[in-house]
Amino acid sequence: MIPLADALEHVLVRVPAQPTVEVPLAEAHGCVAADDVVSRETIPAWDNTALDGYAVHAADVGVPGAVLDVVTTIAAGSAGEDPVGTGQAARIMTGAPMPPGADTVVMVERTEALDDGRRVRVDAAVAEGTGVRRVGDDVRAGDVVVAAGTGLRAGHLGLLASVGAVSVRVRRPVRVGVLSTGDELVEGGAPLRRGQIRDSNRLALLALGRSSGFEMVDLGLVPDDEEAIEAAIRAGCADADALLTSGGVSMGDFDHVKVVLGRIAEMRWMQIAIKPAKPFAFGLLDGVPVFGLPGNPVSSLVSFELLARPALRRAAGHVDIHRRRVRAVSEEGLRRRPDGKTHFVRVALSQDDRLGFRVRSAGGQGSHQMTALAAADGLAVLPDGDGVAAGADVEVILLDS
């Protein structure tokens, strides 16, 4: 058996980065910035008001009750170039530029209009600079507004639009094909014959990939026929940036995927010191990464989480390629036997205001038991040994982070 870290490093250095493309901002959500984006503009470009009210000299409103002449009205979008002198005020709307001479804005709720709006009384003392957004207090020209490796969310796109960007260079999203193999697998809800099981891996892997930001391609279910498997694998690699197969990579006599990939691709077959997901295969077919995941449902998904997902996220340009890990208190004993492996136990997570994260087993831990995985919020990491006692700390990989 080989350590998980060694297996992951073997994969990471062999999965190529995606090429870069320039896309309009409207199409960039969920993509990963390929380069630092540097602002050519300063935001705000001029002092402006943060609220509706009156632009004034602070010296005129140092005490409540000051009465000022209203000399102009400045709406958002106007130039606001008429000056405000001593004893004067300008009616001003949120976002409008500060007029020359004014240094403070009094919110309208603290004023009373007089003489049909020609004058205004200020009913509170207001400090200099109140209500004013200064030039560049958000962005300065030359600032990096989005760093390379950033997954672009709505806020990033709004920021880029605010500094005048109309497009952004990103890593092309990773297109991942998913293939299931096995004569025992069937689809749909028809009654099962003895020896048959329904294919759950493909649907779950497709969903996991989509939630991780990948473009997923369903390549269907292929029987245990070497010619059919080879055709499906070649077609998948021609249409995708990476391929996930499920099943047929262990030591069985009918592991046809292993035979086919061994013949047509540069593969490495691994027994990794983890439970579940001990068997794993990785290689390249015409330069396309192929991940051979185990067939047991839980093993397949854990293998994806620990090995395929980080590599594909790195290919997509992400800097943070791993799920978030936290320390948690185990509400019960999470016991295991020493066997030379790291165990990943499906756990349900809660949060206590005083003690922080707390975990308990999500149910049965067999590699075929999907109920616990469906109920799990994370994977508790149990190094080789006897496990952890109730009340002890344990490291947990968060599955939705």
Side-chain angles (χ1 to χ4, degrees), residues 1-18 174-182 201-202 205 208-209 212 214 217 219 222 224 226 228-316 318 321-323 339-344 367 384:
M1 294 187 296
I2 66 173
L4 174 61
D6 291 353
L8 179 58
E9 182 62 22
H10 176 83
V11 173
L12 288 176
V13 299
R14 288 167 174 79
V15 176
Q18 288 291 94
V174 180
R175 183 174 170 86
V176 183
V178 181
L179 179 70
S180 286
T181 64
N201 293 6
R202 197 168 87 251
L205 288 169
L208 266 179
S212 298
F214 311 135
V217 182
L219 300 175
V222 181
D224 282 328
E226 291 185 19
I229 291 171
E230 178 175 348
I233 289 174
R234 288 191 180 278
C237 287
D239 186 44
D241 302 308
L243 178 69
L244 305 176
T245 69
S246 175
V249 297
S250 190
M251 305 301 290
D253 292 337
F254 297 98
D255 286 343
H256 300 285
V257 173
K258 185 173 184 179
V259 173
V260 171
L261 287 175
R263 184 175 68 246
I264 67 174
E266 303 171 26
M267 301 295 298
R268 181 179 177 186
W269 313 95
M270 308 181 210
Q271 297 292 306
I272 304 174
I274 58 175
K275 181 179 180 180
K278 177 183 172 184
F280 174 72
F282 175 79
L284 300 173
L285 175 58
D286 298 329
V288 176
V290 178
F291 298 85
L293 309 181
N296 279 317
V298 177
S299 297
S300 182
L301 300 185
V302 170
S303 186
F304 174 86
E305 287 285 352
L306 299 179
L307 293 155
R309 183 180 184 274
L312 295 172
R313 279 180 62 81
R314 175 173 284 186
H318 289 280
I321 62 174
H322 297 288
R323 298 281 193 190
D339 60 3
K341 304 172 188 173
T342 300
H343 288 202
F344 294 89
S367 61
D384 193 23

With a 4.5 Å heavy-atom cut-off, do [X] and [Y] have their side chains touching?
X      : Y      : answer
Asp239 : Val217 : yes
Ile272 : Lys278 : no
Leu179 : Leu244 : no
Phe214 : Leu208 : no
Met267 : Lys258 : no
Leu8   : Leu306 : no
His322 : Arg309 : no
Leu205 : Leu301 : yes

* **Neighbour count above 12 (heavy atom, 6.0 Å) for Glu266 CD** =>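 Check fails, neighbour count at 12 or below.
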* Asked: NZ of Lys341: more than 12 outside heavy atoms within 6.0 angstrom?
  ->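 Count over threshold, so yes.
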At what distance, to the nearest 0.5 angstrom, does [atom1] of [X] lie from [atom2] of [Y]?
X      : Y      : atom1 : atom2 : answer
Leu284 : Leu243 : CG    : CG    : 11.5 Å
Thr342 : Met1   : OG1   : CE    : 9.5 Å
Ser299 : Lys275 : OG    : NZ    : 9.5 Å
Phe280 : Ile274 : CZ    : CD1   : 9.0 Å
Asp286 : Cys237 : CG    : SG    : 7.5 Å
Ser180 : Leu219 : OG    : CG    : 9.5 Å

* Quick one: which of Val257, Thr245, Thr181 gives a side chain to side chain contact (heavy atoms under 4.5 Å, CB included) with Val222? ->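 Exactly one option meets the side chain to side chain contact (heavy atoms under 4.5 Å, CB included) with Val222, and it is Thr181.
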Do [X] side-chain atoms and [Y] backbone N/O form a donor-acceptor pair below 3.5 Å?
X      : Y      : answer
Ser300 : Asn296 : no
Asp384 : Asp339 : yes
Asn201 : Gly295 : yes
Arg268 : Gly283 : no

* Asked: Quick one: side-chain contact (heavy atoms from CB on, under 4.5 Å) partners of Val15, sequence neighbours excluded?
  ->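 Val15: side-chain contact (heavy atoms from CB on, under 4.5 Å) contacts with Val11, Phe282, Pro289, Phe291, Ala311, Ala315.
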* To do: Apply side-chain contact (heavy atoms from CB on, under 4.5 Å) to Arg234 and Ile264, showing your working.
  => CA-CA 9 Å; Arg234 288 191 180 278; Ile264 67 174; 3.4 Å; yes
Can you name the closest pair of heavy atoms from [X] and [Y] and give their distance?
X      : Y      : result
Ser212 : Arg313 : O-NH1, 3.8 Å
Ala240 : Val288 : O-CG1, 3.9 Å
Val302 : Pro276 : CG2-CG, 4.0 Å

* Asked: Is it true that the side chains of His318 and Arg314 contain a donor and an acceptor less than 3.5 Å apart?
  ->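 No pair is found: no donor N or O on one side chain lies under 3.5 Å from an acceptor on the other.
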